[in-house]
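Indexing begins at 1, ligand by ligand and atom by atom, following the structure's order.
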Amino acid sequence: MTIDAIVIGSGIGGLVTATQLAAKKAKVLVLERYLIPGGSAGYFERQGYRFDVGASMIFGLGQRGTTNLLTRALSAVNVSQEAIADPVQIHYHLPQGLDLKVDRVYEKFLQNLTAHFRHEERGIRRFYDECQKVFNCLNNIDLLSLEEPRYLLRVFFQHPLACLGLVKYLPQNAGDIARRYIKDPQLLKFIDMECYCWSVVPADMTPMINAGMVFSDRHYGGVNYPKGGVGQIAQKLVEGLEKAGGEIHYQARVTKILIEQGRAVGVQLANGKVYRGKRIVSNATRWDTFQQLLPVEGIPHNEKKWQQNYQKSPSFLSLHMGVKQSVLPEGTECHHILLEDWEKMMAEEGTIFVSIPTLLDPDLAPSGYHIIHAFTPHWINDWQGLSQDEYEAKKEKAAWAIIDRLEKIFPGLDAGLDYLEVGTPRTHRRFLGREDGTYGPIPRHKLRGLLKMPFNRTAIPGLYCVGDSTFPGQGLNAVAFSGFACAHRIAVDLGL
Ligand SMILES: NC(=O)c1ccc[n+]([C@@H]2O[C@H](COP(=O)([O-])OP(=O)(O)OC[C@H]3O[C@@H](n4cnc5c(N)ncnc54)[C@H](O)[C@@H]3O)[C@@H](O)[C@H]2O)c1
Ligand SMILES: CC(C)=CCC/C(C)=C/C=C/C(C)=C/C=C/C(C)=C/C=C/C=C(C)/C=C/C=C(C)/C=C/C=C(\C)CCC=C(C)C
C-alpha cells in the first residue's frame, strides 16, 4: 500500500504530526532509531526508579483554551493522559538572596516577586500583563499552519484583533518589552533568568510570543506532570496512532532521505531497507537532516542562511539520582533553579536545573525514596577524545561538583544518595540522535523575535521538518504546535 507520510523520529513533534495525519485517515509510518518513542520526552528504568530523560516541566496538558496542544493531540486520536497539577512552576534560589516561588496563581506570583522589588511593583505588573496579552491572542484561535493562506484568512476574519496582536509581537523579544517597564538591574537579571531557564538565551534574545506563552500558561493551564512519567505522553500518542491505523517501527534508523528529480520520495534505513512515501517528514534536528540524511553539497541556500542566524545550544550534564525521602525538607517544590553568581548564568555548570517528579507522582520510585534529576549546560567539545577511563573520571568529578552545590538546598544529599547515573552531551547525542547532543537552536545574535524561524516546508519538495528546529522552537508544547502545523500543511498538500 502507498504510504502518505513517512515520519523520521518519534519525538513529540514527530508523533503529533503522525497522529494528526492518521486522524485524517492518511497512511502514516513512523521510523524511530531507538527502542521506545519520545526522544527528549522519553524515559528509562533502573532499580525501581523511572527517570525522565529530558523534558520534565510540561506545558500544554491543561484542560481549557486552544493552547493545551498536548491534551488536544492526545484526544484527536482518542487517548488521554492523567495530569497532576504542579502548584509551583519553579522555586528560584538566586544570587543576593533572591529566593522566590513562581506560584500557579498569578496574583500570588506577582506578590512574591514584588516583595523583593517594592519600587518596581507597577513595572512588574505591566510587563507580565503584557505577556498575558500575547497569550490571550493565541489562546483564542485555532493553532494550525501559518503556511496555509486559507487558514490565515479564516482566522483573520474570525479573530482580527488577536491576529493583529500576534503580528505585532512576532518580531519582538521579551527583553525589549521588559526594559520598557522595568529599570532595576537585578530585576532585569531575574527576567533574564526567567527566559534563560527554558529558552537558553537571555530575555533580549527570547521571542516575545514564546515568553507570552510560558509566562502566562503557567498560571492558566498550568504546569502539569503526566501520571506515570513524561514518557507516558509519547506512549499514549503511539497507542492513538496505532488505533487510528498508523504504524511505528523501532530500531529503524534512517540514514538517507532519497531524492529523485529534486523531490524527496523515500528513506533508507541503516540496514538497507527502503520505504517510499508521498511526503517525508524529519523530526531530526535541521543539522542532522541537512548534513547527515542529505548530501552536504546540496544543502539548500535558505538552510545555509538559517545556520548563519541560529546555532546549536549547549547540551546538558544530567544527574539522575535516587535519594532517601529524608533528603527533601518538608514543603520542597518539584522544580528548582540554583545560581550563585549572576555572571555565571549562561556559563557551563552555571545554572543548575532540578526536577523532583516523585513529589507529584510517588509511584516513579520505590517507597521511601525520591528521584532528583539535576542538569546543567555543558558543551560536547569537553567530552570528546577521552579514553573510557578519562570519560568516567570526568563524569564522576563533574557530578560531585553539582552534588556539593545542591547540598545548599538539599542538606544531606550526598549521605542520602541511593542511586546515581550521569549523562553527558555524548549520552544525549547517542540516545537522542541530536547533533552534539544539542538542546535545540538558539539565535547567534539578536534576531527580530520569531521572524527568522522556518515553518515546516523545506526547499526540497516533498520534504518537511518538524520539532524544535522549526517555528516556534524548543518546548514540548512548542513542538506539538509544530506537529499540528506540519500535519495541517501536508493534509492540504495531499488533498485530504
Ligand atoms: N520541558 C523540559 O523540561 C524539556 C527538557 C529537555 C527537552 N525538552 C524539549 O523536547 C523537545 C524535543 O522535541 P522534538 O520533537 O523536536 O525532538 P526529539 O529530539 O525529542 O525527538 C526526535 C526523535 O527522532 C529520533 N531520530 C533522530 N534521528 C533519527 C533517524 N535518523 N532515524 C530515526 N529516528 C531518528 C530520535 O531518536 C528521537 O526519538 C525540545 O523542544 C526540547 O525543548 C523539554
Ligand atoms: C492572518 C494574519 C494577518 C496574521 C496571522 C498571525 C498569526 C495567526 C500568528 C500566529 C502565531 C502562532 C500560532 C504562534 C504560536 C506559538 C506557540 C504555540 C508557541 C509556544 C511556545 C512554547 C514554549 C516556548 C514553551 C517552552 C517551554 C520550555 C522550553 C520548557 C523548558 C523547560 C526546561 C528546559 C527547564 C525546566 C526547569 C527546571 C527543571 C527547573
*Asks:* Is it the side chain, the backbone, both or neither of N477 that has a heavy atom closer than 4.0 Å to ligand 2?
*Replies:* neither
*Asks:* Would you say ligand 1 has an N or O under 3.5 Å from any N or O of V466?
*Replies:* no
*Asks:* Number the atoms of ligand 2 from 1 as they appear, then name those within less than 4.0 Å of a heavy atom of F471, with their elements.
*Replies:* 14 (C)
*Asks:* Short list, please: which atoms of ligand 2 are under 4.0 Å from a heavy atom of C197?
*Replies:* 33 (C), 34 (C), 35 (C)
*Asks:* Just to be sure I read this right, does ligand 2 sit under 4.0 Å from the backbone of S199, its side chain, both, or neither, counting only heavy atoms?
*Replies:* neither
*Asks:* Starting from atom 12 (C) of ligand 1, locate the nearest protein heavy atom and write down its residue, its atom name and how far away it is, to 0.1 Å.
*Replies:* S40 OG, 3.7 Å
*Asks:* Please compare A480, A162, P472, P207 and report which has the shortest non-hydrogen distance to atom 19 (C) of ligand 2.
*Replies:* P472
*Asks:* Considering the heavy atoms of I8, write down every atom of ligand 1 situated less than 4.0 Å from one of them.
*Replies:* 30 (C), 32 (N), 33 (C)
*Asks:* May I ask you to check if ligand 1 and G467 share an N or O to N or O distance below 3.5 Å?
*Replies:* no
*Asks:* Which of the numbered atoms in ligand 1 are below 4.0 angstrom from a heavy atom of A252?
*Replies:* 32 (N), 33 (C)
*Asks:* Out of H373, Q292, R434, whose heavy atom sits nearest atom 19 (O) of ligand 1?
*Replies:* R434
*Asks:* Over 60° means perpendicular and under 30° means parallel, so tell me whether F109 and Y128 are parallel, tilted or perpendicular.
*Replies:* perpendicular
*Asks:* Mind checking whether D468 has an N or O less than 3.5 Å away from an N or O of ligand 1?
*Replies:* yes
*Asks:* What protein heavy atom lies closest to atom 32 (N) of ligand 1? Include the residue and the distance to one decimal.
*Replies:* V254 N, 3.0 Å
*Asks:* I'd like to check which ligand 1 atoms, numbered from 1 as shown, lie under 4.0 Å from a non-hydrogen atom of L31.
*Replies:* 33 (C), 34 (N)
*Asks:* Please compare F481, Y196, Y151 and report which has the shortest non-hydrogen distance to atom 18 (C) of ligand 2.
*Replies:* F481
*Asks:* In terms of atom number and element, which parts of ligand 2 are under 4.0 angstrom from non-hydrogen atoms of H335?
*Replies:* 39 (C), 40 (C)
*Asks:* Would you mind running through ligand 2 and noting each atom that sits below 4.0 Å from a heavy atom of H336?
*Replies:* 40 (C)
*Asks:* Look at atom 39 (C) of ligand 2 and find which of T66, V354, V167, L476 reaches it with the closest heavy atom.
*Replies:* V354
*Asks:* Applying a heavy-atom cut-off of 4.0 Å, say which part of L146 lies close to ligand 2: side chain, backbone, both or neither.
*Replies:* side chain
*Asks:* For atom 39 (O) of ligand 1, grab the closest protein heavy atom and report residue, atom and distance to one decimal in Å.
*Replies:* E32 OE1, 2.6 Å
*Asks:* Near R253, which atoms of ligand 1 are under 4.0 Å from a heavy atom of that residue?
*Replies:* 32 (N)
*Asks:* Under a heavy-atom criterion of less than 4.0 Å, does G38 contact ligand 1?
*Replies:* yes
*Asks:* Which is closest to atom 5 (C) of ligand 2 by heavy-atom distance: L152, D468, L143?
*Replies:* L152
*Asks:* Examine G475 against ligand 1 and note whether any of their N/O atoms are separated by less than 3.5 Å.
*Replies:* yes
*Asks:* Flag G473 as yes when one of its N or O atoms lies below 3.5 Å from any N or O atom of ligand 1, and as no otherwise.
*Replies:* no
*Asks:* Just to confirm my output: which protein heavy-atom neighbour is closest to atom 3 (O) of ligand 1, and how far is it?
*Replies:* S56 N, 2.9 Å
